[in-house]
Peer 1: 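Handing you this structure, nothing more for now.
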Amino acid sequence: MQHERAYYRLTVAGILALSTLTLSACKKPVSHLERVKQAGELVVVTRDASTSYFQGPDGPAGLEHDLALGFAEHLGVQLRLVVAERTADILPMVASGEADLAAGVTVRRQLGSRVRFTPDYQKITQQLIYRRGERDPASIDDIYEGYLEVVSGSAHAETLESLRKQYPELRWVETPAARTEELLNRVWEKRVDFAIADSHEIAYVRRFYPELRVAFDLSEPKRIAWALPLSTDDTLYRAATKFIRGAKEDGTLAQLKERYFGHVNDFDYVQTKVFLRHIEKRLPRYEPHFLTASSRYEVDWRLLAAMGYQESAWNPRAISPTGVRGIMMLTLATASHVGIKNRLDPEQSILGGARYFSRILSQLPERITNPDRTWLALAAYNVGFGHLEDARALTQHLGMDPDRWVDVKKQLPLLRKKEFYAYLKHGYARGDEAVTYVERIRDYYEQLMRRFPLTDETRQKFAEDLVASNTPSS
């Protein structure tokens, strides 16, 4: 009897073990999307570039960073953004599974066996770049004797390989780790004759290197998209595709493009050169006042300096035909409102302008976040808070978002038209001038941020100055 019981127990145990093995064998593998959710993070690889990802004054920024962050938040996970050391490493990292997706890559047919691309969200053209006053190429034949450098493993190198079939004498050098912007800097410094850049990259950086010029387009428009691993498991790919399409439809992409590129199209060579010269000659005299105002009113000193330049080109004795005066061009009423007695005194003018701008910022609804909050406040500084509110009300009435600069800037020019301003609370205003005002300040501000980056040391100093300025004297 004992033998029978022992045999029975062994038989049952064997059946249970076999059942467990069978169930395990039939268990469905975890999908790519579920793996991301279980890990709690989305790993995205991209480039360190002004058009993709960079460290801004408030932390990580860039169109690709913000778009990837939005997707991670949509999935309910954290974003882990990886910056590839070399452009050539980006797609292999995706194909091998080191990254879940690559952001901001050029769609290339020959890579279809390794990765798959989402719908595109930008179109760019590859352009040949040279320095003004040096070689002035009109065609590919004109660059044979020059030194052309491109990033290895890039779509630019691929384009040149394709062109060499038609132009066998075409020669170039591929640099493994350089960013495109580094190559553009070499062209500007006359160390390289030519480089290739995507159209949105050169539009962004030419303000910092004003002598750079576009010779001609090297390609037809190309598509920018995300790349994901090519696999039978398309769960994450389908989620990414749906997200990109949604971002196009709900205005998210338009908002991001406005945030990073909306102010870079109207490049003025002479204006840029004058500004750079004034940074050297005029700004040092007034920088301490901008720093003091920054600490007191918690506004980035470089933004205040950009405002001051747009208002007066840092001329403390500037006077307009309408009666505004000083570096920050305050009206008599505004100066009185913020407690300024002498508008022509640089320190008083800067402090007064900073105080007035800070008050405008505090008047805006708390739900409005940066950078829209700053751009809207700048418009109000120029055209008046009441007129800004009229433009926001009109924006909402027309079915757009009154809290987004990309939408409000479209309606501000309508304040000049009677069919609109006649029905608005504050009436007529030169709203188009406010748009130009904001966009120019954004340009100056970015140039100043690039020229004077905030290091950990300067951030700490600003914090200490702020505490000191808010501490009552004994």
Peer 1: Taking the six-membered ring of Tyr204, is the NZ or CZ of Arg207 close enough (under 6.0 Å from the centre) and on axis enough (within 45°)?
Peer 2: yes
Peer 1: Does the side chain of His263 pick up a donor-acceptor pair with the side chain of Glu446 at under 3.5 Å?
Peer 2: yes
Peer 1: Do you know which two heavy atoms are closest between Leu424 and Leu415, and how far apart they sit?
Peer 2: CD1-CD2, 3.3 Å
Peer 1: What heavy-atom pair brings Ala225 and Tyr121 nearest, and what distance separates the two atoms?
Peer 2: CA-CE2, 3.5 Å
Peer 1: For this output row, return yes or no: ring centroids of Tyr309 and Phe275 closer than 6.0 angstrom.
Peer 2: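 Yes, the ring of Tyr309 comes within the 6.0 Å limit of the ring of Phe275, centre to centre.
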Peer 1: With the threshold set at 4.0 Å, does a side-chain nitrogen-carboxylate oxygen contact exist between Arg404 and Asp407?
Peer 2: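 Result for this pair is yes, salt bridge flagged.
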Peer 1: List the atom of Ser152, the atom of Thr87, and the distance in Å for their closest heavy-atom pair.
Peer 2: O-CB, 4.2 Å
Peer 1: Check the angle between the aromatic planes of Tyr260 and Phe54 and answer parallel, tilted or perpendicular using the 30° and 60° thresholds.
Peer 2: perpendicular
Peer 1: Could you go step by step and tell me if Tyr421 and Tyr428 meet the ring pair (Phe, Tyr, Trp, His ring centres under 6.0 Å) rule?
Peer 2: CA-CA 5 Å; Tyr421 74 71; Tyr428 172 87; 5.5 Å; yes
Peer 1: If only atom types and distance count, is the side chain of Thr106 paired as donor or acceptor with the main-chain N or O of Ala155 below 3.5 Å?
Peer 2: no
Peer 1: Taking all non-hydrogen atoms of both residues into account, name the closest pair between Arg108 and Ser154 and its distance.
Peer 2: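 Heavy-atom minimum between the residues: NH2-O, 3.7 Å.
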Peer 1: So that I can tick it off, tell me whether Arg191 and Glu189 are bridged by a salt bridge, with the cut-off set at under 4.0 angstrom between side-chain N and carboxylate O.
Peer 2: yes
Peer 1: In plain terms, say whether Arg164 and Glu169 are close enough for a salt bridge, that is, a side-chain N and a carboxylate O under 4.0 Å apart.
Peer 2: no
Peer 1: Between Thr241 and Pro119, which heavy-atom pair has the shortest distance, and what is it?
Peer 2: CG2-CD, 3.6 Å
Peer 1: Using 30° and 60° as the class limits, which term best fits the ring planes of Trp188 and Tyr209: parallel, tilted or perpendicular?
Peer 2: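 It falls in the tilted class, 30° to 60°.
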Peer 1: Less than 6.0 Å separating the ring centroids of Phe290 and Trp301?
Peer 2: no
Peer 1: Write out all pairs satisfying salt bridge (charged side-chain N to carboxylate O under 4.0 Å, His left out) with one or both partners inside residues 370-397, taking only residues at least two apart or from two chains.
Peer 2: Arg259-Asp372, Glu389-Arg392, Arg392-Asp403
Peer 1: Begin from the C-alpha positions of Tyr356 and Tyr381 and carry the test ring pair (Phe, Tyr, Trp, His ring centres under 6.0 Å) through to its verdict.
Peer 2: CA-CA 8 Å; Tyr356 180 52; Tyr381 188 98; 5.4 Å; yes
Peer 1: Within 45° of the axis and under 6.0 Å from the centre of the six-membered ring of Tyr269, does NZ or CZ of Arg213 qualify?
Peer 2: yes
Peer 1: With rounding to the nearest 0.5 angstrom, report the CE to CD distance, Met329 to Glu311.
Peer 2: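 Taking CE in Met329 and CD in Glu311, the distance rounds to 6.5 Å.
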Peer 1: Between Glu201 and Arg47 (salt bridge meaning N to carboxylate O under 4.0 Å), is one present in this structure?
Peer 2: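 Yes, this pair counts.
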Peer 1: Any salt bridge linking Glu41 with Arg35? Criterion: basic side-chain nitrogen under 4.0 Å from a carboxylate oxygen.
Peer 2: no
Peer 1: Can you list every pair that meets ring pair (Phe, Tyr, Trp, His ring centres under 6.0 Å) and has a residue in residues 138-186, with sequence neighbours left out?
Peer 2: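 Applying ring pair (Phe, Tyr, Trp, His ring centres under 6.0 Å) to every pair that reaches into residues 138-186, excluding sequence neighbours, yields nothing.
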Peer 1: Whether Glu211 and Lys190 form a salt bridge (side-chain N of Lys/Arg under 4.0 Å from carboxylate O of Asp/Glu) is what I want to check.
Peer 2: no
Peer 1: Taking the ring centre of each residue, are Phe71 and Trp226 less than 6.0 Å apart?
Peer 2: yes
